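A short write-up of the structure that comes next.
Throughout, protein chains are lettered first and strands after them, A, B, ... in sequence-line order, and every chain is numbered starting at 1. Since this is a predicted model, take the numbers as computed values, not measurements.
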Amino acid sequence: MGKMVWAHLAVPVKEVSLDVILPSGQAFRWKKHHDEWVSVLKDLVIVLRQDDNQISYRALASNNLPVPDSILEPVLSDYFNLSIKLSRLYREFGVRDSYFKKISPSYTGIRILRQDPWETLVTFICSSNNNIKRITQMIDNLCRTYGEYITTYNNIEYYTFPRPVSLCTSTCVQTLRDLGFGYRAAYIYKTALQVNEWESAGNSLSQLRGQPYEQVREFLLGFKGVGPKVADCVSLMAFDCHSCVPIDTHIWNIVQKRYATTAQLRASAKSKTMSKIMYDTLSQHLRKLWGHYAGWAQAVIFISELRKNE
DNA sequence: AGAATACCTCAGCA
DNA sequence: ATGCTGAGGTATT
């Protein structure tokens, strides 16, 4: 083993709280081992430690060669969206929304990660009618089976996230079912075929970044297993659509409990399933309330609700 | 059009 | 114990 070389990001916990955002259902591949958070970004195993004033980081590559900080720092800065100042957003949300102002002091450092589009798409297809624990297990199985081995750290093997082409095999659906994907196995396979074809034609999913939300959303809704909620999660977490507010069961619950709702919204509460119209109405309502970075406010409210149920 | 139902799996609960 | 419910929904009817 080479000498451990740590580099540092001067980021206070109030801007990024790893312990809050990494295990809370935004990304599903971070593992905590003692005081270290470990995951894979691109083809590197990333190791993070955090104290009050900084995040220390280093990376392990498959060749065991050191990864220069000049490569690593931009990767992390991008992944954690560090150009966006959280303190400023919290202040603005607090002015717009008294409930946010009330609860946010207990939930600081919650920000939206900027994740890989393909990985995010697959992950959130898996998230439908599912829970964080199981989603984490499914994604872990997927990478072990179809990803490329990178290295072992703390006795845990780390793999890349498989490229679409790796899933375009005749046995994929059955394999995924055996790995616990249930009915989502077929969705993943079909999506892999589509994305592979799209990329083979010289495109990349990343080129959707910077496109208007409506176009990103329409594109995403074209995949099997992607409905309004999943499309919004991917738009927000991979395609820079910061104002987009995914409406899940937790947000729906909290809106009914905490926010004044219109007669139309209250009436819909009786319905077993949320209609597309109702979904859009609610999402836009919250977007207007919270503003251009509404999706970031949603993340705070979502985690506060998640934590309360524990 | 809009609402109900089936869908994989599994932990938590009565 | 066996059966039900809900988990960051979606496709189908």
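Atom-to-atom, CG of A:Asp248 to P of C:dT10 comes out at 10 Å; the value is rounded to the nearest Å. In this structure, CD1 of A:Ile303 is placed 12 Å from P of C:dG8, rounded to the nearest angstrom. Taking atom OH of residue A:Tyr279 and atom P of nucleotide C:dG8, one finds them 15 Å apart after rounding to whole Å. In this entry the distance linking CZ of A:Phe181 with P of C:dT10 reads 17 Å, nearest Å. The separation between A:Arg134 atom CZ and B:dG12 atom P is 15 Å, rounded to whole Å. Atom CD1 of A:Ile139 is separated from atom P of C:dG8 by 15 Å (rounded to the nearest Å). Between the P atom of B:dC10 and the OH atom of A:Tyr183 lies a distance of 14 Å, rounded to the nearest Å. In this structure, the CZ atom of A:Phe302 is 10 Å from the P atom of C:dA7, given to the nearest Å.
Using a 4.0 Å heavy-atom criterion, one finds that A:Phe28 contacts no nucleic acid atom at all. Using a 4.0 Å heavy-atom criterion, one finds that A:Thr123 contacts no nucleic acid atom at all. Among the atoms of the strands shown, none is found under 4.0 Å from any heavy atom of A:Lys276. Nucleic acid contact class of A:Gln26 (heavy atoms, under 4.0 Å, all strands): base.
Within 6.0 Å of CD in A:Glu157 there are more than 12 heavy atoms belonging to other residues, nucleotides or ligands.
Between A:Arg177 and B:dC8, a side-chain N or O to OP1/OP2 separation shorter than 4.0 Å is present. Between A:Thr249 and C:dA7 there is a side-chain N or O to OP1 or OP2 distance below 4.0 Å.
In this structure, A:Tyr259 OH and A:Ile251 CD1 are separated by 8.0 Å, a value rounded to the nearest 0.5 Å. We find the CH2-CD distance between A:Trp118 and A:Glu199 to be 8.0 Å, quoted to the nearest 0.5 Å. From A:Leu82, atom CG reaches atom CD1 of A:Ile55 across 7.0 Å, with rounding to the nearest 0.5 Å.
In the set C:dG9, B:dA3, C:dG8, the nucleotide with an atom closest to the side chain of A:Asn129 is C:dG9. For A:Val230, whose side chain is taken as the heavy atoms from C-beta onward, the closest listed nucleotide among B:dT5, C:dT10, C:dG8 is C:dT10.
Side-chain atoms of A:Asn131 and base atoms of B:dC10 include no donor and acceptor less than 3.5 Å apart. Between the side chain of A:Arg184 and the base of B:dC8, at least one donor-acceptor pair of N or O atoms lies under 3.5 Å. Side-chain atoms of A:Lys229 and base atoms of C:dG8 include a donor and an acceptor less than 3.5 Å apart. Side-chain atoms of A:Asn130 stay outside donor-acceptor range of the base of C:dA7, with no qualifying N/O pair under 3.5 Å. For a distance-only test at 3.5 Å, the side chain of A:Tyr187 fails to qualify as a donor-acceptor partner of the base of C:dG9.
Remark: B:dA14 base-pairs with C:dT2. Criterion, Watson-Crick or G-U wobble with two distances under 3.5 Å. B:dC8 is unpaired under the criterion used here, namely a Watson-Crick or G-U wobble arrangement in which both key atom distances are under 3.5 Å.
Comparing A:Lys224 and A:Ile132 along DNA chain C, the residue whose closest nucleotide (by nearest heavy atom) sits nearer the 5' end is A:Ile132. In terms of position on DNA chain C, the residue among A:Met237 and A:Gly225 whose nearest nucleotide sits closer to the 5' end is A:Met237.
B:dA6 and C:dG8 have their P atoms separated by 23 Å, with the value rounded to a whole Å. Taking the P atom of each, C:dT5 and B:dT5 are spaced 13 Å apart, rounded to whole Å. Taking the P atom of each, B:dC8 and C:dA1 are spaced 28 Å apart, rounded to whole Å.
Judged purely by atom type and a 3.5 angstrom limit, A:Arg29 has no side-chain atom pairing as donor or acceptor with the backbone of A:Ile139.
Checked for salt-bridge contact, A:Lys42 and A:Asp78 miss the test: no charged N lies under 4.0 Å from a carboxylate O. Salt-bridge formation is detected for the pair A:Arg217/A:Asp232: a Lys NZ or Arg NE/NH1/NH2 atom is positioned less than 4.0 Å from an Asp or Glu carboxylate oxygen.
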